[in-house]
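Source: prediction; values computed, not measured.
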Amino acid sequence: MLRREFLRLTGGTCLVHAGMVVAQTQPQPEEGLDTLARRTGRRFGFAVQPSHADKEPVRSLLQQHAGVITAELAMKWNIMSNLLGAPDYRAADQVGALASSLGAALRGHTLAWHQSTPAYLTNAAPEQFVTAQTAHLQALMQRFKGRIHTWDVLNEVIDAAAADHQGMRQSVLSRLWGTDRYPALFELARAADPSAKLAYNDYGMEQDEPWCEARRSVLLRMLEAWVKRGTPIDVMGLQAHLDLSRRFSAQKLLRFFNDLQAFGLSIQITELDVRDASNPGGVAARDEAVAALYKDFMDACLSHPAVEMVVMWNVTDGDSWINRWNQGQRRTDGLPQRPLLFDAQGLAKPAFHTVTASLGDATVKFDMKKASNG
Ligand code: 9MR
């Protein structure tokens, strides 16, 4: 095998690093990211689209490193809905089959989200919407019953700027389902598949900015009310779309994790990537800065016993949603962003090595006395 091919398949991990021979106890090349995560009872994985997952380099990288698979698009309601006919589950089934073939846990994403609500329901009567949302949730959960590790039941309902609405986002969901009835989604989900963990999933809470703090406060208030009324929720999904232009404080993040744990929730990092649109440097400097933020973030996460899994949002910089033409912020130099662990050719970047080291060095095990509020 060519050295280049070997490094690609192994994620580029060398036995000699920075001039030092790596001790036998350090991660070995054949140990993929999920294997390393399992040492502390955790899992590591990726969000994928079927069209990327069956092509190189993504295919081999998943085989080497994936212990969790999330469908980036394929399990969203608007993607599978047909106004006139039965839902089209083909792409969702492909992602399910991929997870099985890899022996990976499958995350279901997402049962209720304003952005994936089919357009034809935007002006529905509330009763019609409730009937359609309920039927969708039940049918999709029934199809994957017993095969989903965790369902993202509800996604992104917080908007801290919505002061007149207690920080709840105003959307098709708040209008037609009702914010006070969000817990009912979890009750329906628990009844539909009692074997799946149930998550609320959201973004913009991981870094040290006033607006993140505001979003954390709204979230904790919302979760407290849900838990008080016995809502069957098991997991807080933190998307972790990190950004180099924002500050990071491990101390504040860990305090937030303690608050979530106190509600009896485990924590899953569900959509990790690092945007570098603001970094003016060349590729090497950008990659070092991205790797440093990954290190700070991963070390903090892995030091907390409530953190259960880490899922990257896509696999290589080439298939990252951030670099698609209509998404993410553009760099002023016109170059693509470098948000993930592997470059567009599938070669390991410095961020891969820091994440490998964080997983390899972790000593605190995932240890969650599962909440009894379910
Ligand atoms: O990456 C996804 C992008 O390709 C889709 O156009 C978009 C709408 O379906 O969803 C993106 O994924 C989002 C995820 O579902 C929820 N959190 C934010 C993600 C990035 O926008």
Side-chain angles (χ1 to χ4, degrees), residues 2-20 22 26-37 44-48 52-53 55-67 72 240-246 248 269 271-299 301-302 310-324 328-329 331 333-361:
L2 294 173
R3 177 180 149 79
R4 183 185 146 84
E5 172 74 355
F6 172 77
L7 287 178
R8 184 173 64 67
L9 291 175
T10 61
T13 310
C14 288
L15 286 176
V16 179
H17 182 62
M20 293 180 333
V22 178
Q26 291 293 304
Q28 296 301 297
E30 69 275 10
E31 286 191 289
L33 294 167
D34 184 61
T35 308
L36 289 171
F44 195 97
F46 302 87
V48 298
H52 294 139
K55 290 191 193 69
E56 296 299 345
V58 172
R59 201 175 70 89
S60 296
L61 291 171
L62 291 175
Q63 278 167 358
Q64 171 98 18
H65 298 291
E72 182 188 356
H241 292 292
L242 307 182
D243 195 314
L244 285 186
S245 68
R246 302 174 193 151
F248 176 72
I269 307 303
E271 306 186 13
L272 181 59
D273 51 22
V274 175
R275 277 173 269 203
D276 70 346
S278 63
N279 191 305
V283 164
R286 286 167 55 195
D287 282 358
E288 287 306 326
V290 167
L293 181 51
Y294 269 109
K295 176 164 177 41
D296 290 347
F297 182 73
M298 287 294 290
D299 283 348
C301 289
L302 297 171
V310 177
V311 179
M312 309 289 311
W313 205 245
N314 305 123
V315 183
T316 73
D317 291 343
D319 65 302
S320 166
W321 70 286
I322 290 169
N323 286 325
R324 291 186 210 142
Q329 188 193 335
R331 289 181 54 83
D333 59 15
L335 294 173
Q337 296 196 49
R338 297 175 64 82
L340 295 171
L341 308 184
F342 303 98
D343 71 10
Q345 280 69 50
L347 289 167
K349 295 162 45 189
F352 171 82
H353 299 293
T354 54
V355 169
T356 299
S358 296
L359 290 168
D361 291 346

Checklist entry - With sequence neighbours left out, what residues match Asp343 under side-chain contact (heavy atoms from CB on, under 4.5 Å)? => result Asp317, Arg338, Gln345, Leu347, Lys349
Checklist entry - Of all residues at least two apart in sequence or in a different chain, which pass the salt bridge (Lys or Arg N to Asp or Glu O under 4.0 Å) check with Asp276? => result Arg286
Checklist outcome for this item: Rounded to the nearest 0.5 Å, the OH atom of Tyr294 sits from the CG atom of Asp287 at a distance of 10.5 Å
Checklist outcome for this item: Applying ring pair (Phe, Tyr, Trp, His ring centres under 6.0 Å) to Phe44 and not counting sequence neighbours gives Phe46
Checklist outcome for this item: Heavy-atom nearest pair, Trp321 first then Asn314, reads N-OD1, 2.9 Å
Checklist entry - Is the side chain of Asp319 donor-acceptor paired with the backbone N or O of Thr316 at a distance under 3.5 Å, no angle test? => result yes
Item to check | Distance-minimising heavy-atom pair for Ser320 and Pro339 | outcome: OG-CG, 3.5 Å
Item to check | Closest contact, heavy atoms only, Val58 versus Ala53 | outcome: CG1-CA, 3.8 Å
Item to check | Value rounded to 0.5 Å, distance of CZ in Arg246 from NE2 in His241 | outcome: 10.0 Å
Next on the checklist: If I take atom CG from residue Asp361 and atom CE from residue Met298, how far apart are they, to the nearest 0.5 angstrom?
Outcome noted: 11.0 Å
Item to check | Where Gln64 and Glu31 come nearest, the two heavy atoms and their spacing | outcome: NE2-C, 4.3 Å
Next on the checklist: Run the salt bridge (Lys or Arg N to Asp or Glu O under 4.0 Å) test against Glu271 and tell me which residues pass, sequence neighbours left out.
Outcome noted: none
Item to check | side-chain contact (heavy atoms from CB on, under 4.5 Å) partners of Glu288, counting only residues at least two apart | outcome: Pro350
Item to check | Where Asn279 and Ala289 come nearest, the two heavy atoms and their spacing | outcome: ND2-CB, 3.5 Å
Item to check | Any donor-acceptor pair under 3.5 Å from Asp34 side chain to Ala66 backbone | outcome: no
Next on the checklist: Please enumerate all residues that pass side chain to side chain donor-acceptor pair (under 3.5 Å) together with Ser245, with sequence neighbours excluded.
Outcome noted: Asp243
Checklist outcome for this item: d(Ser358 OG, Asp299 CG) to nearest 0.5 Å is 3.5 Å
Next on the checklist: On a heavy-atom basis, which atom in Ala277 and which in Gln337 lie closest, and how many Å separate them?
Outcome noted: N-OE1, 3.1 Å
Checklist entry - Per the side-chain contact (heavy atoms from CB on, under 4.5 Å) rule, which among Thr354, Val355, Leu242 passes with Phe297? => result Leu242
Checklist entry - Does Leu340 reach the side chain of Val315, with side-chain heavy atoms less than 4.5 Å apart? => result no
Checklist entry - Got a second to check how far Leu33's CG is from Leu341's CG, nearest 0.5 Å? => result 6.5 Å
Next on the checklist: A side-chain contact here means heavy atoms from C-beta on lying under 4.5 Å apart; do Leu61 and His65 qualify?
Outcome noted: yes
Checklist entry - Ser60 and Glu56: side-chain donor and acceptor closer than 3.5 Å? => result yes
